[in-house]
Structure formats: structure tokens, C-alpha cells
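Remarks on the structure that follows.
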Protein chains: 2
Amino acid sequence: MARHDDAHKLAAPAADELDARKAAILNAVVTEYIGSAQPVGSQHVVDAPGVNVSSATIRSEMAALEREGYLVQPHTSAGRVPTDRGYRFFVDHLGGTGTLDATGRQQVRRFFEQAHGEIEQMLERTSGLLADLTDCAALVVGPSHESATVRSAQLVGLAPRVGLVVVVLSDGAVQKATVDLPDGAGDEVLARAGACLAAGVRDASLAHLPTELAPAGDPVVDAVAATALAGLRSLVDDEAPEHVFVGGSSRMAAAFDAVETVRSVLTILEQQLVVVSLLRDVLDRGLSVAIGTEHGVEPLASCAVVVAPFSVDGEELGTIGLLGPTRMNYPQALAAAQAVGERLSGRLSEAGR
Amino acid sequence: MARHDDAHKLAAPAADELDARKAAILNAVVTEYIGSAQPVGSQHVVDAPGVNVSSATIRSEMAALEREGYLVQPHTSAGRVPTDRGYRFFVDHLGGTGTLDATGRQQVRRFFEQAHGEIEQMLERTSGLLADLTDCAALVVGPSHESATVRSAQLVGLAPRVGLVVVVLSDGAVQKATVDLPDGAGDEVLARAGACLAAGVRDASLAHLPTELAPAGDPVVDAVAATALAGLRSLVDDEAPEHVFVGGSSRMAAAFDAVETVRSVLTILEQQLVVVSLLRDVLDRGLSVAIGTEHGVEPLASCAVVVAPFSVDGEELGTIGLLGPTRMNYPQALAAAQAVGERLSGRLSEAGR
DNA sequence: GTCAGCAGTCCATACTACCGAGTGCTGACC
DNA sequence: GGTCAGCACTCGGTAGTATGGACTGCTGAC
């Protein structure tokens, strides 16, 4: 079989291609290393499927794979460890997406059967589920509210001179902003200003709120309504547009043995902005996996990220991410991310129907 | 001097008291150990204030302190390390609360000067501030909404058969619950049901919502209102009543050198329920510090917790917590927790006025 | 009660030896 | 030419041993 592969090996762009045997060996090394975290020697590969050659031949093939940048030796006389490039080939050409194991599938099914409550709560719990499934840190970025439109706006008095603007968005999110009120603003003024505000912002998107409102006639009411609108507008710039739920970050402690690595990874995980843009960036580049230095975040050089979008009614709304060491179990992670993404999409679409 | 101490040593409860020199030595050992994380030998104590004796005398005092359970030796011929009891004495009798250093004070001041936005956001940021100040993991538990009363309730249609109940509480919190609507429920039905609901729940506390509403006459409206109320009531049991913001958990990675300890501590930090009840428990026992095994959480045996409440208009609303290794800098942590708690109370009271 | 002096303990560190997993190379074989 | 058994070699990890030093506890003098 490998014999006539040679024929079109020259025809095909050989740059990123490996012949079947090299691929099988790389596959075996990656698989083994993911499991054991120990450099893999030629002896451990000899029984792998698709590799029907002696350890001596494997050694020479491994040496070639090292020359081509797929493997490295930590030191002479040690086994081989995959490079980022090796993992990349593995993810692209080998291993497939894999499927969740039976217990995993059951866990996911049960989770979504008994899932209920608000979207935020569900996303948070989902991050826990993903962490459990994959033993990675799980990142779940909620939908952006940028394109959602205002369904309802309301002005509520909290204290003599404090009010709260509450808007409900079409995607079910609720935003609020406290506003200072002038001294004499009673319930009636609030109600009228609220109505005025509601009329002005209804069906506008949060990103494109009007700058002023139609006057209601009463200067006090108008003033209050304007204040409320200003409070609302400040929300948009103010708050990070997306919230990210991080679950299972403790698992990063088990993933590395250097406590310093753990610390730097955790530090990144605490920076929501970095996490969100990391995931977005990977997704925008059309990838579902970013390995080592492929994503630009330097402190995560020894990590890999697996992403999957989730959507409601076909519209991509959020992102699922899994963060683990580069030697993470990619097939499992991909399968889990994809399965949970699909289920989540289904669940959310159903709820919004 | 010690001679006639013997006399009333039997009379007075000598149990927890140490004479001035022993206290000074203990103080020096704890202070030194907090700084260096290395066992402290008699030589390092010799220059400490209040200890004007030779190292030989210190050694015999240290041996006594060890017999009394304030210090331990990791092994013979090593220096001494404080026990939990030693830290406890230090916290209770020595070191005082301390004050924040100048840069710390400035950091706190600046933070609260430019603090703005909603309470949740502010609490989250506060957890980051505290972590920065103390190099500990910071826990901020928001106010419980149990005693807050409903200021406003509203029913908004999101999709043909989906509605959202939004209630605003007297403390400024907003709660929401999605509800399924019957097929024919149009805007008018929603408005009427919403009004009916609002009338029924206004000024009720979330914990004591009515079980049924006054009928509005129309069976469809009544049904919708009842569904909405049910959705609202489910919120109370459903959601954890308090949310805890955890900041700076990455700092736990630097605090311990055993990666396994880091993992177990982080695992605890991910369990909001445990964290909340831990803080509550410590506070309920009237403590501001819980050291080692004093709090019941076994995986945190090598940690200490410093807590401080914060309040609005005199009413205790939330809790600030700092989690660090037992050899954390107690005076600094206490000062930071107290200062931030006070500032936060002030800020929140001011906003609610 | 204090303390200088001393003998003793025991952890780190460094050094050495050794084992074994693993490599690259070579020469024979198909 | 590709394959592979055999071989010499490399080098990290473990174990054993020596050394230094930071401690201690004790003792006897003041």
C-alpha cells in the first residue's frame, strides 16, 4: 500500500504531507505522549497500528520527523516529544474529532435534560460540565448584546434621589443603570419619564441608542428621561460587552508540574478581556484548535485552546473554549466542545422559540 | 519576676497568656517567618525589639514555646515555625491591626474615587483590588437579597410564546425569570398580567412572595400572571442567594510550592457554596481571622482566612474575605480588609442615599 | 536567671557511581 | 533500496556517600 503512495508523493505538495507510515508513527507518539506525558521511545511505537516495522526503522523515521520539525528530543538518548507542529498535524490529519465516550455522552445528556434557568446561570454551569468532561479549564463566552434590540425600558425609584433604569433586550438579557434623580422627582415623574424613555429607545440596538428623546412637555420629566438615557448609554462603553465564565481553572494546577507555569496561566485566565479576545481571535481565523504559540498569548505558550461556537437559530452567539496543556487530549476535547456546543445551541434555540 | 508569677500562675488562667519576653520572641518568629517562609532560628530573633537576651536564653524560651504549642520544629536542628496556635496568639495579642502602607492607601483611595457603575461590577473589581493589595486570593460576597423587597415587577414578551419577568428589588438588584406563555398571549394580555403581578408582589420580600394573586377577571390574564409568579418563586430556591466574586486566585499558586496543595485550594475556591458558607461561618463566630483548621474546611488546612463585613447604612450586607497561606501577612491583610470594607460601605451608602 | 561554649543533630548540597532507556550507526539480508 | 538485528554510545535519574552549616540542647560559670 505504501508502495504506490510513493508515486504521487512527488506530485502532491510534499511540504506538509507525511507518508502513511510517518503519519502512523507521529500518531502513535502523540497519542502515547498525551497519555503518559513521558518522552516516547521507538520501542513504545512498535505495536501501534499501521506501523509494521521494527524499532530500528522507527528510529530512522523518527529522526526524519525530528528533522522536519514534528518531534523533538528533550536530550540525546531520550524519547521523542511532539512539537507544536506535530500536534498540529495530529489535529489536522489524524485522530479525527473522536467521539465522547459513553459516560461522557450520558453526562452531557443528563446535564441538558435537567438544565433550566437563565442563560447566564446555564452558561456558568456549562463551563463546569466541560471542565468535568475534559479535565481542562473551560471557557464559555456569552452572547454579545451588541445586536440585540431594546424590548422594554423602565425607570424605577429606589431611594429619594436614586433611580434605576432597567432595559430588557430582545435576547433576554437585562441591563441596568443607576441614575441620580433631581429632588422633586416623585413616582409620577418617574413613570412619565420612563414612558418617554421607553418610547425613545424601543427597538433600538444597545450600540445605537438615540442621543436624545422626544420631549414630553414637562421640563422635569424631560430632564429625568435625559439622565436616564445618559445612564443607559454609559453602560455600553462601560461594561465589557461579553462576560466569560471560567470553570475548572484548578485543573491547570494538575496539568503542569512547574508552579510558576500554573501561576502565569491562572493570571491570564483572570483577565477576561484577554480570554475573550483570545477565543474570538482563534474563531475568527477559522480554527477550532490553537496550539502553543499559534495564538499570540505568550504566557500560554505551553497551552492549547480548543474552541467551538454555539448559536441560536443559526446565529453565532457565543463561544466555548477549552484550555489545556499542549499535550491535552485533542480528540476528546474537540468532541466535548462540539457536542456541548450543539446541545447548548439546541437548548437555547428551543428556549427562545 | 517569674518567681512570683508562679504564685498566681495557678490562680490566674495561665492557659493562653505568655509573659512579655515569650510574646516578644513569638512575635519575632512569626514576623520573620511570614517574611522569609524559612524556619526561624534563635540567632535571627536576638535583635528583635523586646528581646534583650542572648540566643541561648532565646533557645530555652523557644523550647518552652514549643512545649506550649506555639511553635514547632520541622526537624531537630532546624529553626522554629509557628503553629496555628502561634499565629492565633500573634493575631490576638500582637502585631495589632496595622495600617495599610502609603502606596496601599493611595491605591484604595484612587480606586474608590473612580469607582462607578453597578454594585456587582464594583464588587468584582473590589476583589481584584484586594488581591493586588494583599497578594492573597480575595473573596467578596455580595449582599443577600433575602430581605430586599420588590419595587417593581414587569412582564415583557421576548418571542411568541416566551416572556420574561423582571423584578427590581429595593436594594437595586434586578432578578429575572423566563416563562412560557400560552399561545394567544399578546402585548395587552402581557401588560395586564404584568400589572396584576406587580400589584401582587410589590413590597413583598423575595423570600415571602405571595402564593397567589388577586384575579384580574380574565382567565387568560390570570393564568399568565400565575405562571409569571411561579417563575419568580422558582428563582428563590433556584439560584444561590449570594454571588461570590473571587479575585486573584492565581496568587495561591505562588503561595505554596506543592502543586497538589494549589490544586486542592483552587478546587475549593471554585465551589461558591463552600466559600460563602466558610465566610459566613467565620463571621458568625465573631472572628475576623480563621487560621488553619479553625475553619472546618479540611483542604484549606494550610490556609488562613481574614474576613471583614461591609454594610450599607449600618446594615451588614456583605463580606470581604482574604485567603492566603497560614503564614500570610495578617496585619496587612486585616488592615486592607478593614479599610476596603469601610470604603466600600461608605461608597455604597452614599450611592443609595 | 543568664549566657558562652560545646557537642550533637540533621538537612542541603555536591559528588560519584551506576543502571537503563533510548539513540544512531553499521552491515547483512531480502 | 528498504528493512532490521546488533552494537557502541549517550545521558538522565537514582542511590550512596561525604561535607558543610545552621540549628539545637545542655552544662557549668557568673
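Residue numbers begin at 1 in each chain, while the letters A, B, ... track the order of the sequences.
- At whole-Å resolution of the value, CG in Asp257(B) and P in dA12(C) are 11 Å apart.
- Between Cys136(B) and Leu323(B) the shortest side-chain heavy-atom distance does not fall below 4.5 Å.
- Note: Phe89(A) and Tyr70(A) have perpendicular aromatic rings, judged against thresholds of 30 and 60 degrees for the angle between ring planes.
- Note: CD1 (Ile25(A)) to C1' (dC4(D)) measures 14 Å, nearest angstrom.
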- Item | Under 4.0 Å protein heavy-atom contact, by nucleotide of nucleotides 14-21 of chain C - B base, S sugar-phosphate only | --------

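- In this structure, the side chains of Leu94(B) and Val30(B) stay at 4.5 Å or more apart for every pair of heavy atoms.
- Put simply, NZ on Lys22(A) is 11 Å from P on dT3(D), counting in whole angstrom units.
- When side chains are defined from C-beta on, Pro299(B) does not count as touching Thr267(B), because their heavy atoms never get closer than 4.5 Å.
- Applying the 4.0 Å criterion to OP1 and OP2 of dT23(C), one finds that Ser42(A) has a side-chain N or O inside that range.
- Near DNA chain D, meaning a heavy atom under 4.0 Å from it, residues 49-63 of chain A has Val53(A), Ser54(A), Ala56(A), Thr57(A), Arg59(A) in order of number.
- Taking atom CG of residue Leu71(B) and atom P of nucleotide dC23(D), one finds them 14 Å apart after rounding to whole Å.
- Residues Gln43(A) and Val46(A) form a side-chain contact, since some pair of their non-hydrogen atoms from C-beta on lies under 4.5 Å apart.
- Remark: the backbone N or O of Val289(B) is paired with a side-chain donor or acceptor of Arg88(B) at under 3.5 angstrom.
- At the heavy-atom level, Gln73(A) lies under 4.0 Å from the strands shown only through sugar-phosphate atoms.
- One interatomic measurement links the two molecules: CZ of Arg67(B) to P of dT24(D), which rounds to 14 Å at whole-angstrom precision.
- Residue His75(A) contributes atom NE2, which lies 10 Å from atom P of dG22(C) at whole-angstrom precision.
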- Yes or no on side chain to side chain contact (heavy atoms under 4.5 Å, CB included) for Asp257(B) and Val259(A), after CA distance, side-chain angles and deciding distance? CA-CA 7 Å; Asp257(B) 40 7; Val259(A) 78; 5.6 Å; no

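- Every residue was checked against the salt bridge (Lys or Arg N to Asp or Glu O under 4.0 Å) condition with Arg327(A), not counting sequence neighbours, and none meets it.
- Here dC30(D) sits opposite dG1(C) as a Watson-Crick or G-U wobble pair (both hydrogen-bonding atom distances under 3.5 Å).
- Atom-to-atom, CD of Glu66(A) to P of dG22(C) comes out at 15 Å; the value is rounded to the nearest Å.
- In terms of phosphate contacts, Arg80(B) brings no side-chain nitrogen or oxygen within less than 4.0 Å of OP1 or OP2 of dC23(D).
- Looking only at side-chain heavy atoms (C-beta outward), Glu61(A) and Val51(A) stay at 4.5 Å or farther from each other.
- Atom pair Gln38(B):CD and dG21(D):P shows a separation of 17 Å (rounding to whole Å applied).
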